[in-house]
Amino acid sequence: MTAARDAEGQPSGPRLPAKLAAHPSVQAVLARRRAGDAVRPPAVIDAAWLRELCLAAGADDAAAVSLDHPDLTGEREYAQSALPGTRTLIAMAVRMNRDNCRSPARSVANQEFHQADEQANHAARGVTQALQDAGYRALNPSVGFPQEMDRFPGERIWVVAHKTVAVAAGLGVMGLHRNVIHPKFGSFILLVTVLVDADVSEYGQALDYNPCIDCKLCVAACPVGAIAKDGAFDALACTTHNYREFMSGFTDWAQTVADSEDAADYRSRVSDSESASMWQSLSSPPGYKSGYCVAVCPAGEDVLGPYLDDRKTFMDTVLRPLREKKETLYVLPGSHAQEYAQRRFPHKPVKEVTGGWQPPAPRSASTEREKRTS
């Protein structure tokens with residue numbers, strides 16, 4: 001072993017093997033340290049500098065929260081696993097264009113979701129890079145997908161719960177529809193988080209009021225009854241329909257393909273429109289089937305005006321087109337969602353699916369043929 005030495009031959013760095021100490025890159029690093037040029041970031045990140053960094057990177061709002069915050073107890077293990085030494089979580093919000101999200105044309109709404117998703121990921125990556133350049137260790141998990149599918153379906157697949165972090169940081173409050181409502185931008189935001197191994201001089205404070213105005217429009221808009229007036233939420237109903245072309249919905253579709261005897265049998269189970277939609281989700285970012293709870297939400301200072309001015313017109317132009325749209329609703333057999341959809345939206349075809357949550361019971365081809373010909 002040998003030690004790096006300064007100009008007077010005195011040890012000035014870690015003990016290194018002679019071969020490693022002689023490497024040009026090693027000598028350059030040690031020389032910068034001796035010259036005092038090495039990056040030595042402040043132990044505490046300045047909150048004002050950090051906020052300006054986030055806004056310049058493309059976020060519309062940002063706030064930091066300590067990983068020691070009591071509301072983040074459930075996140076600590078995951079954050080430390082993702083970035084050992086994490087001390088702070090930086091919550092960032094990116095606005096979405098409201099009328100795009102409200103469009104009954106799913107192509108328009110989904111394009112908005114995915115474009116904002118990319119902007120949020122890009123902003124978080126820029127912040128992470130700037131923190132890295134300043135000498136910190138930082139990491140930005142994905143806004144949504146890709147996620148850790150090797151854990152699906154037994155464990156949670158997300159690295160960080162962005163909503164939980166954003167609420168703790170004071171960016172908003174969780175609404176009845178289980179989306180974070182920002183005090184200014186309302187529900188029309190996407191969230192992303194950056195992990196960093198340093199403290200921040202000032203942390204965000206939780207809002208002292210709820211931006212939700214308790215209008216219950218999200219309850220009225222949900223086509224599968226996932227949102228209840230009393231605050232209950234049926235996550236399985238929501239994911240079975242809205243995520244039809246993600247994760248479990250794709251699994252269910254793949255099982256249908258595998259179970260089909262031939263093309264005619266497959267087409268008796270899956271419509272041409274459904275096949276085309278699945279192809280589109282496989283070739284482009286996956287499409288959400290609903291998201292109407294966000295679309296109709298009037299909360300937020302920048303959003304609330306038209307609802308206050310004329311509630312009837314707001315209902316006619318925002319809520320009614322979504323409720324009247326003819327579209328297939330995907331439900332689990334015998335579920336509350338099935339009963340609700342058939343009762344409240346008789347003009348919308350309802351289709352039973354397994355949701356892919358569990359594999360279907362084995363069945364023989366002969367039994368299936370007998371069922372179809374009997």
Side-chain angles (χ1 to χ4, degrees), residues 95-117 144 163 174-182 185-191 211-229 231-246 249 273 277 281 285-300 303-304 306-307 311-332 335-351 353:
R95 288 183 298 165
M96 293 189 288
N97 293 319
R98 296 190 290 275
D99 286 314
N100 282 350
C101 295
R102 291 169 173 166
S103 174
R106 298 317 301 155
S107 62
V108 176
N110 282 317
Q111 177 79 345
E112 180 62 30
F113 293 146
H114 291 303
Q115 287 292 313
D117 185 281
K163 295 178 184 179
M174 193 78 78
L176 193 67
H177 51 10
R178 299 312 190 271
N179 294 288
V180 173
I181 303 177
H182 188 276
F185 310 133
S187 295
F188 297 92
I189 56 170
L190 287 183
L191 301 166
C212 175
I213 62 170
D214 200 31
C215 65
K216 301 294 195 299
L217 289 184
C218 56
V219 177
C222 181
V224 292
I227 310 168
K229 291 181 179 179
F233 183 72
D234 188 342
L236 193 56
C238 176
T239 53
T240 298
H241 175 65
N242 194 32
Y243 284 74
R244 174 60 189 166
E245 292 169 10
F246 294 72
S273 174
S277 186
S281 283
Y288 299 93
K289 291 296 184 185
S290 184
Y292 298 167
C293 55
V294 170
V296 301
C297 181
V303 186
L304 192 53
Y307 178 79
R311 291 195 295 270
K312 183 180 185 305
T313 296
F314 187 90
M315 304 284 196
D316 290 342
T317 59
V318 177
L319 175 63
R320 181 173 293 175
L322 299 176
R323 288 177 57 87
E324 294 182 348
K325 179 181 178 179
K326 186 175 180 180
E327 59 187 328
T328 300
L329 305 180
Y330 297 94
V331 300
L332 297 176
S335 64
H336 168 72
Q338 182 177 38
E339 183 276 327
Y340 182 92
Q342 292 172 335
R343 174 169 51 86
R344 297 294 298 271
F345 299 99
H347 61 288
K348 295 178 186 276
V350 176
K351 185 168 185 175
V353 296

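- Put simply, the side chain of K348 does not reach to within 4.5 Å of the side chain of K326, judged on heavy atoms.
- Remark: R98 CZ to S103 OG distance equals 15.0 Å, nearest 0.5 Å.
- The closest side-chain heavy-atom distance from L191 to V180 is below 4.5 Å.
- Counting heavy atoms from C-beta on, the side chains of R95 and F188 never come closer than 4.5 Å.
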Next item on the list: May I have the step-by-step check of side chain to side chain contact (heavy atoms under 4.5 Å, CB included) for H347 and K325, ending in yes or no?
Entry: CA-CA 8 Å; H347 61 288; K325 179 181 178 179; over 6 Å; no

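- Side chains of S187 and H177: a donor on one and an acceptor on the other come within 3.5 Å.
- Looking at heavy atoms from C-beta onward, P223 lies in side-chain contact with S290 at the 4.5 angstrom threshold.
- Between the CD atom in E327 and the OG atom in S273 there is a gap of 11.0 Å [rounded to 0.5 Å].
- Side chain to side chain, K289 and T328 fail the donor-acceptor criterion of an N or O pair below 3.5 Å.
- Annotation: ring-ring contact (aromatic ring centres under 6.0 Å, His included) contacts of F246 (sequence neighbours excluded): F145, Y243, Y288.
- Distance NZ/K312 to CG/L319: 12.0 Å, rounded to 0.5 Å.
- Summarising the local packing, CZ of R311 is surrounded by 12 or fewer heavy atoms from other residues, nucleotides or ligands at distances under 6.0 Å.
- With contacts defined as side-chain heavy-atom distances shorter than 4.5 Å, the pair N97/Q115 does not qualify.
- Contact annotation: the side chain of L332 never approaches that of Q338 to less than 4.5 Å [non-hydrogen atoms, C-beta and beyond].
- Atom CD1 of I227 is separated from atom CG of N179 by 8.0 Å, given to the nearest 0.5 angstrom.
- Summarising the geometry, atom OG1 belonging to T313 is positioned 10.5 Å from atom CZ belonging to R320; distances are rounded to the nearest 0.5 Å.
- With contacts defined as side-chain heavy-atom distances shorter than 4.5 Å, the pair V224/Y340 does not qualify.
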Note to self: Run the side chain to side chain contact (heavy atoms under 4.5 Å, CB included) test on L217 and F314 for me, step by step, so that the C-alpha distance in whole Å, both residues' side-chain angles and the decisive distance to 0.1 Å come before the verdict.
What the structure shows: CA-CA 11 Å; L217 289 184; F314 187 90; 3.7 Å; yes

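- Residues L322 and V296 are in side-chain contact: their nearest non-hydrogen atoms beyond the backbone lie under 4.5 Å apart.
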